[in-house]
Amino acid sequence: MLRVWTWYQNWLAVRPLETQVISSGVLWAIGDVVAQSITISTSKKQRLLISGSNKDLTIDRKRVGITGMYGAGFFGPFGHFWYEGLDQFIKLKFRLQPNSLQFLATKVAVDVLVFGPLNLLLFFTYMGFSTGKSGSQVKETIKRDFLPALMLESSAWPVAQAVNFRYVPVQYQLLYVNMFSMLDSAFLSWLEQQQKEASGKQCFASVPISNEPKDECK
């Protein structure tokens, strides 16, 4: 682990943007694998109980790639410049003393109120269109999932970011966020995937236990 950390530090010093982009993509992809694994495990149990069937379910590699591309294409580069520039913005805009309680609280508030909602909105939009949904379907997904996801994240991220901004050097703040985002990616991917699972469950629920699922449920 020490060698990996040293390797990461060296690359971060030489190529900071590229390093942040790659690490973000990898961690978001891992988060999606975790999300799909949870969903698959739950689906297998439900199918076995409802229909007596336990068909093999596998990780959707396309989804993993799509989610990883979101981490690399948006979260990595945007987060790199966001956390690098947030300190300067707070100093110039609000004229607060660095490391003061007011500075820390303002920085957390700006991050949670600006970056959090923007990330959620772009994630649901990107994932919707990338998985073949229409504009109306994407809009419906955002209407259904955006506020619940934002409320849940708003209860956890302020504490995580307070620790981040207080104790973690600026150059490592995105890595810290990415470690939490691996779990966040799992949650968001799981939430986004529930629309498919919900329609499948409705189909199974309408089928008697002794019968096979209808064709449209397969």
Side-chain angles (χ1 to χ4, degrees), residues 5 8-9 12 16-17 19-35 38-39 67-68 70-128 141-194:
W5 177 243
Y8 177 83
Q9 287 180 306
L12 188 64
L17 178 59
T19 303
Q20 303 279 33
V21 166
I22 293 173
S23 61
S24 296
V26 169
L27 290 174
W28 275 78
I30 292 174
D32 188 66
V33 171
V34 173
I38 294 172
T39 302
T67 306
Y70 177 81
F74 167 74
F75 203 87
F78 188 86
H80 171 77
F81 292 111
W82 173 260
Y83 293 111
E84 289 287 339
L86 190 56
D87 266 6
Q88 294 299 319
F89 173 78
I90 300 298
K91 291 175 186 176
L92 296 176
K93 182 68 175 179
F94 298 97
R95 301 183 182 278
L96 297 174
Q97 184 66 31
N99 297 324
S100 67
L101 181 60
Q102 295 87 344
F103 181 88
L104 177 62
T106 303
K107 191 173 181 180
V108 170
V110 172
D111 183 75
V112 171
L113 294 175
V114 177
F115 187 74
L118 178 62
N119 176 46
L120 280 176
L121 182 61
L122 289 178
F123 178 82
F124 286 128
T125 302
Y126 166 82
M127 290 299 295
T141 298
I142 293 173
K143 286 173 60 178
R144 184 189 66 240
D145 294 338
F146 179 79
L147 284 180
L150 183 62
M151 291 176 63
L152 183 59
E153 292 202 337
S154 296
S155 66
W157 274 105
V159 176
Q161 290 295 57
V163 174
N164 187 21
F165 296 150
R166 179 64 180 86
Y167 298 107
V168 180
V170 173
Q171 66 269 29
Y172 299 122
Q173 286 179 359
L174 182 59
L175 177 63
Y176 173 96
V177 170
N178 270 326
M179 297 303 294
F180 278 89
S181 291
M182 183 170 65
L183 301 177
D184 192 39
S185 171
F187 165 69
L188 291 177
S189 298
W190 173 84
L191 188 63
E192 196 276 338
Q193 200 171 19
Q194 293 314 293

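Model, not experiment: these values are computed from the prediction.
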- Item | Aromatic contact, W82 with F75 (centres under 6.0 Å) | no
- Query: Under 3.5 Å, is there a donor-acceptor pair linking the side chains of Y70 and D32?
  - Reply: no
- Note on the structure: Interatomic distance, CG@L12 vs CG@L175, rounded to 0.5 Å, equals 8.0 Å
- Note on the structure: For P77 and G71, the nearest pair of non-hydrogen atoms, with its separation, is CD-O, 4.4 Å
- Query: Between NZ of K143 and CG of L147, what distance do you get to the nearest 0.5 Å?
  - Reply: 11.5 Å
- Message: Per the side-chain hydrogen bond (donor to acceptor under 3.5 Å, both in side chains) rule, what does the pair list look like for residues 97-108, sequence neighbours excluded?
- Response: D87-K107
- Note on the structure: Contacts of Y83 meeting side-chain hydrogen bond (donor to acceptor under 3.5 Å, both in side chains) (sequence neighbours excluded), chain-then-number -> D111, Q161
- Look up atom CD in Q171 and atom CD in Q20, then write down how far apart they are to the nearest 0.5 Å. 9.5 Å
- Query: What salt bridge (Lys or Arg N to Asp or Glu O under 4.0 Å) pairs are there with at least one residue in residues 89-98, not counting sequence neighbours?
  - Reply: none
- Can you list every pair that meets salt bridge (Lys or Arg N to Asp or Glu O under 4.0 Å) and has a residue in residues 163-172, with sequence neighbours left out? none
- Item | Within-4.5 Å side-chain heavy-atom neighbours: F94 and F103 | no
- Query: Residues two or more places apart in sequence or in another chain: which of them pass side chain to side chain contact (heavy atoms under 4.5 Å, CB included) with V168?
  - Reply: N164, Y172, Q173, Y176
- Task: Return the orientation label for the W5 and Y8 ring planes: parallel under 30°, perpendicular over 60°, tilted otherwise.
- Result: parallel
- Task: Taking the six-membered ring for Trp and the full ring for Phe, Tyr or His, determine whether the centres of F124 and F146 are under 6.0 Å apart.
- Result: no
- Task: Check whether any side-chain heavy atom of T67 lies under 4.5 Å from a side-chain heavy atom of Y126, and answer yes or no.
- Result: no
- Task: Could you note down all residue pairs passing salt bridge (Lys or Arg N to Asp or Glu O under 4.0 Å) where residues 20-29 supplies at least one of them, sequence neighbours left out?
- Result: none
- Task: Run the numbers on F74 and W28 for ring-ring contact (aromatic ring centres under 6.0 Å, His included), then give the verdict.
- Result: CA-CA 11 Å; F74 167 74; W28 275 78; 8.8 Å; no
- Of the non-hydrogen atoms in S154 and V112, which two are nearest, and what is the gap between them? OG-CG1, 4.4 Å
- Compute the centroid of each ring, for F78 and then for F115, and state whether the two points are separated by less than 6.0 Å. yes
- Heavy-atom pair with the smallest gap, counting every atom of P158 and E153: CD-O, 3.9 Å
- Task: Indicate yes or no: at least one non-hydrogen side-chain atom of W157 is less than 4.5 angstrom from one of V108.
- Result: no
- Message: With a 4.5 Å cut-off on side-chain heavy atoms, are L174 and E84 touching?
- Response: no
- Item | Shortest non-hydrogen contact between L150 and P117, atoms and distance | CD1-CG, 4.0 Å
- Between the CG atom in D145 and the CG atom in L152, the distance rounded to the nearest 0.5 Å is 12.0 Å
- When rounded to the nearest 0.5 angstrom, what is the spacing between OG in S23 and CG in N178? 5.0 Å
